[in-house]
**Student:** 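Pasting a structure below so you can have a look.
Predicted model, so just to flag it, every value in this text is computed and none were measured.
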Amino acid sequence: MKSRFKSGRSIIALVIMLAVVFGFACDLFAIQIRDNKKYLEQNSGAKTYVVPIEPARGEIVDRNGNTLVTNRQGNSIVLNAVYFPDGNDNEKRNLIIYNLIRLFEKNGEEYVQNLPLRYNRNGDIVFYGEEKDIDTMKSADMLNLQHYATAQNCYDAVIEKYEIEGYDKEMTLKIANIRYELTKLLFSYENPVTIADDVSSETVAQIKEDKSTYIGADVQVVAYREYVDSTIAPHILGTVRKINAEEYKENKDKGYSITDQIGESGIEQAMESELKGKPGELTITIDKNGNTTEEVTKKPIQGNTIVLTIDRDLQVLSQNKLKEVCDKVDSYSSAGAVVVEDCNSGEIYAAASYPTFDLKDYYDKYDELAKDKRNPLWSRFALGTYAPGSTFKPVTACAALEEGVITADTTHVCVGEQEFFGQPFKCLHGNAHGTENVKYALKDSCNMFFYNVALDTGINKIDEYADAFGLGQKTGVEIAESKGVLSTPENKEKAGGVWRIGDTMLTAIGMSDNLFTPLQLANYCATLANGGTRYEMRFVKSVISGSTGVVNDKSSTVAEELDLSESTLDNVYQGMRMVATSGGPSEIYDKLNTLVACKTGTSEVDVNGVRRNNGFLITYAPYKNPEISVSSVVELAGSGSETAEITAEIIKYWYQNNTDAKDNQKVGTILY
């Protein structure tokens, strides 16, 4: 028994001894291997900091390699926490900021002033800016004040927090602005904060030459967004801005810093992950004697280049011609859009909206642009929805022909006006077209023919084909777009209405609840022209890697295959060809060397109590083996024929300047 106790105590002692040895071994491993660098720095008195280097944003070019958006180098003034006085030394921090502000104002530089407080004309401190910015200022992370705190309460809290003393009230508020910015943007060793953008070389030189006055202020070479022509395709390209707090929280795990830029709209937003680039690293070491060394330990990688499907020159022509026609219709009120699509791929060659804006001064003039009643910021080709009028009639024709409701020989008599179910219905302009078959009904845009066909075909079949053509649904483009509305009994009921037989008749001629975007109309026209293959539309042709130069081509995606018979297509094509040769647009289209087919449309709108028409036109070219489709809308135009000038210029350009295109035969697209 005694020897057993001794044996137990020995085992316990051995376990304790092994545990102690193991603990020492772990500490030794941590000191000599895992944390070796840290302890060496502590022993030597050296400190090392890693500061991110902002990468240049990727460029955006057109399908032929013409640069649309690039970068230019400029200088920003950045406060670097490695050299800036400690956070507890408010007096020194405030003095350095005071000296910087005096330098900025002397040289006419703009600097950050994002504190939502201002002096009014009476010299009282008041809130300034948006409600969300004021709420941020009062939040627990900033001033930690109650939501009911006054502007004076906030001002007093800022002065107390940053111990700003000994300056006049104007300078006090200016210093407070920069101190507030540092707090808001999480100023730290790893996170320098920019306080002035795009400064002059004179300011750069003075800061570099007098580092003792401007301790912690550093000059950083920055890539600023630059436009070769800032009026080209602004609704497509979009805008960039500084990331906000909500976006930073969502994206910080993806490598974003609180001072990064981010795409706000258009391709800049849609292709953000490709355009962003990868930040580099600057390692700063300060030894025990205060000597500093800086080394770029990781080079930044510029973002990828985005190659668009658009043709720069065609885009410019489309914009200019659209403006010309809209101004001719009504220079104070008219607006419009035009879209050019490759029938055989879904690539968009041009998309213009008018009125428009200039990307260069978008932010400077934002308030003015946002208040403009003509909505220049609104992308009418992607977000604008319109009742398409008679441009819808080819859909009804396809549905009726494919379902065997009518044949090429089916006729209806148009007397100009007819009663249906006790209600009078008129043909276009009250014209009596006489006996019409489907081809002539398309050519004459005969409502009476399509009213009768709609009753025989039924709304379900008409909607089935409209849906297959992509009407009332998004086209797939990378930028923001409207879904539009397809006139259906279900949608009517959802909106609180009651579907009546008259809605079926009006839907068949493009009225009732139908609302489509110019993008959808172009894609529907392209689908019809190519024989029934609907592609997803796109603005991005390829992406070129910023690090390797490898080109990643984006392939076309088929969204729907309509199994349309040759007989159906032939009847619809002939009807649309007759619109081009003897309809409203014929006077303009007859002058073209390229044969085209088209369909016009009008829809009534109320303008200050006056009934006016919007004009629509869908066109494809060449008539045989189509390559491009064009949709155009001009608000307040008397008819779709008034938009034919735009389309004619586009077709003329395409076949005069696109050397790969040949009249009346299929070709490949231009390759970058």
**Student:** Checking E324 now: which residues fulfil salt bridge (charged side-chain N to carboxylate O under 4.0 Å, His left out) with it, not counting sequence neighbours?
**Tutor:** K321
**Student:** Look up atom CG in D553 and atom OG in S542, then write down how far apart they are to the nearest 0.5 Å.
**Tutor:** 5.0 Å
**Student:** Give me the atom names and distance for the closest heavy-atom approach of V338 to S318.
**Tutor:** CG1-CB, 3.9 Å
**Student:** I'd like to know whether R538 forms a side chain to side chain donor-acceptor pair (under 3.5 Å) with S556, so could you lay out the CA-CA distance, the side-chain angles of the two residues, the decisive distance to 0.1 Å, and finally the verdict.
**Tutor:** CA-CA 8 Å; R538 57 194 173 98; S556 297; 3.2 Å; yes
**Student:** Using every non-hydrogen atom in the two residues, find where M137 and C154 come nearest and quote the distance to one decimal.
**Tutor:** CE-SG, 3.6 Å
**Student:** For the backbone of G263 and the side chain of E272, can you confirm whether one donor and one acceptor N or O come within less than 3.5 Å of each other?
**Tutor:** yes
**Student:** Hydrogens and angles aside, do Y224 and S76 bring a side-chain donor and acceptor to less than 3.5 Å of each other?
**Tutor:** yes
**Student:** Determine whether the aromatic ring centres of residues Y386 and F516 are separated by less than 6.0 angstrom.
**Tutor:** no
**Student:** Any side-chain to backbone donor/acceptor pair from N177 onto L115? Under 3.5 Å, distance only.
**Tutor:** yes
**Student:** Taking V82's backbone N and O only, do any of them form a donor-acceptor pair with N80's side chain (distance below 3.5 Å, no angle check)?
**Tutor:** yes
**Student:** What residue pairs, at least two apart or across chains, pass side-chain hydrogen bond (donor to acceptor under 3.5 Å, both in side chains) with a residue in residues 129-142?
**Tutor:** none
**Student:** Using the rule given for salt bridge (Lys or Arg N to Asp or Glu O under 4.0 Å), can you reason through R63 versus E347, listing the C-alpha separation, both sets of side-chain angles and the distance that settles it, and then say yes or no?
**Tutor:** CA-CA 10 Å; R63 65 185 299 106; E347 293 184 359; 3.0 Å; yes
**Student:** Just jot down the side chain to side chain donor-acceptor pair (under 3.5 Å) partners of Y354, sequence neighbours excluded, or say none.
**Tutor:** D327
**Student:** Atom CD of E294 and atom CD1 of I284: how far apart are they, to the nearest 0.5 Å?
**Tutor:** 4.5 Å
**Student:** Is a side-chain donor or acceptor of R380 paired with a backbone partner of P518 at a separation under 3.5 angstrom?
**Tutor:** no
**Student:** Are K554 and E478 within salt-bridge range, i.e. N to O under 4.0 Å?
**Tutor:** no
**Student:** Does a side-chain heavy-atom distance below 4.5 Å link Y49 with T283?
**Tutor:** no
**Student:** Any non-hydrogen side-chain atom of N71 less than 4.5 Å from a side-chain atom of R225?
**Tutor:** yes
**Student:** Going by the rule side chain to side chain donor-acceptor pair (under 3.5 Å), which residues pair with Y214 if we only count those two or more places apart in sequence or in a different chain?
**Tutor:** none
**Student:** Give me the atom names and distance for the closest heavy-atom approach of A151 to I125.
**Tutor:** CB-O, 3.6 Å
**Student:** Is there a donor-acceptor pair closer than 3.5 Å between any side-chain N or O of T172 and the backbone N or O of Y167?
**Tutor:** yes
**Student:** I'd like to check the salt bridge (charged side-chain N to carboxylate O under 4.0 Å, His left out) partners of D218; sequence neighbours left out, ordered by chain and number.
**Tutor:** none
**Student:** Does any N or O in the side chain of Q315 come within less than 3.5 Å of the main-chain N or O of Y349, such that one atom is a donor and the other an acceptor?
**Tutor:** no
**Student:** Against F381, only a single residue in I479, L322, V477 fulfils side chain to side chain contact (heavy atoms under 4.5 Å, CB included); can you say which?
**Tutor:** I479
**Student:** Would one find more than 12 heavy atoms of other residues, nucleotides or ligands at under 6.0 Å from atom CD of E170?
**Tutor:** yes
**Student:** Tell me whether D260 contacts the main-chain N or O of S257 through its side chain, where contact means a donor paired with an acceptor under 3.5 Å.
**Tutor:** yes
**Student:** Check whether any side-chain N or O of N191 sits under 3.5 Å from a backbone N or O of L186 as a donor-acceptor pair, and report yes or no.
**Tutor:** yes
**Student:** Would you say that more than 12 heavy atoms from the other residues, nucleotides or ligands in this model lie under 6.0 Å from the CD of Q152, or not?
**Tutor:** yes
**Student:** Is a donor from one side chain sitting under 3.5 angstrom from an acceptor on the other, for E109 and S200?
**Tutor:** yes
**Student:** So which pairs with a foot in residues 232-252 pass salt bridge (charged side-chain N to carboxylate O under 4.0 Å, His left out), sequence neighbours left out?
**Tutor:** D197-K242, R241-E247, R241-E264
**Student:** Quick check against the 3.5 Å criterion: does N94 have a side-chain atom that pairs as donor or acceptor with the backbone of N90?
**Tutor:** yes
**Student:** Among all residues two or more places apart in sequence or in another chain, which pass the salt bridge (charged side-chain N to carboxylate O under 4.0 Å, His left out) test with D210?
**Tutor:** none
**Student:** Are any of the side-chain nitrogens in R72 or D198 under 4.0 Å away from the carboxylate oxygens of its partner?
**Tutor:** yes
**Student:** Between the side chains of Q220 and T194, is a donor N or O closer than 3.5 angstrom to an acceptor N or O?
**Tutor:** no
**Student:** Report the C-alpha distance between T297 and L282 in whole Å, list the side-chain angles of each, state the deciding distance to 0.1 Å, and finish with yes or no for side chain to side chain contact (heavy atoms under 4.5 Å, CB included).
**Tutor:** CA-CA 6 Å; T297 47; L282 176 69; over 6 Å; no
**Student:** Just do the salt bridge (Lys or Arg N to Asp or Glu O under 4.0 Å) check on E536 and K474 with the steps written out, would you?
**Tutor:** CA-CA 9 Å; E536 288 188 3; K474 293 185 177 182; over 6 Å; no
**Student:** Please list, chain by chain and in numerical order, all residues satisfying side chain to side chain donor-acceptor pair (under 3.5 Å) with D367, sequence neighbours excluded.
**Tutor:** none
**Student:** Please report the C-alpha distance between V543 and I306 in whole Å, then the side-chain angles of each, then the deciding distance to 0.1 Å, and finally whether the side chain to side chain contact (heavy atoms under 4.5 Å, CB included) criterion is met.
**Tutor:** CA-CA 5 Å; V543 177; I306 305 299; 3.9 Å; yes
**Student:** Tell me which donor-acceptor pairs under 3.5 Å the side chains of residues 100-108 have, and how far apart each pair is, sequence neighbours excluded?
**Tutor:**
{"unit_1": "E105", "atom_1": "OE2", "unit_2": "Y111", "atom_2": "OH", "d": "2.7"}
{"unit_1": "E105", "atom_1": "OE2", "unit_2": "K174", "atom_2": "NZ", "d": "2.8"}
{"unit_1": "N107", "atom_1": "ND2", "unit_2": "T203", "atom_2": "OG1", "d": "2.9"}
{"unit_1": "N107", "atom_1": "ND2", "unit_2": "Q206", "atom_2": "OE1", "d": "2.9"}

**Student:** Could you tell me whether the side chains of S482 and T517 share a donor-acceptor contact shorter than 3.5 Å?
**Tutor:** no
**Student:** Would you list the pairs meeting side-chain hydrogen bond (donor to acceptor under 3.5 Å, both in side chains) in which at least one residue belongs to residues 180-190, sequence neighbours left out?
**Tutor:** N114-E181, Y162-T183
**Student:** Under the rule for salt bridge (charged side-chain N to carboxylate O under 4.0 Å, His left out), what residues qualify as partners of R312, not counting sequence neighbours?
**Tutor:** none
**Student:** Restricting to non-hydrogen atoms, name the atom on S629 and the atom on A526 that form the minimum distance, rounded to 0.1 Å.
**Tutor:** OG-CB, 3.5 Å
**Student:** Give every residue pair that meets the ring pair (Phe, Tyr, Trp, His ring centres under 6.0 Å) criterion with at least one member in residues 235-279, sequence neighbours excluded.
**Tutor:** H235-F357
**Student:** Before accepting this row, confirm whether a basic side-chain N of the pair E268/R57 lies closer than 4.0 Å to the acidic partner's carboxylate O.
**Tutor:** yes
**Student:** Do any N or O atoms from the side chain of E160 and from the backbone of A157 form a donor-acceptor pair under 3.5 angstrom?
**Tutor:** no
**Student:** In terms of relative ring orientation, are F84 and F187 parallel, tilted or perpendicular, with 30° and 60° separating the classes?
**Tutor:** perpendicular
**Student:** May I ask you to test the Y119-Y128 pair for a side-chain heavy-atom distance under 4.5 Å?
**Tutor:** no
**Student:** Evaluate the side-chain proximity of I348 to L519: yes if any heavy-atom separation is below 4.5 Å, no if none is.
**Tutor:** yes
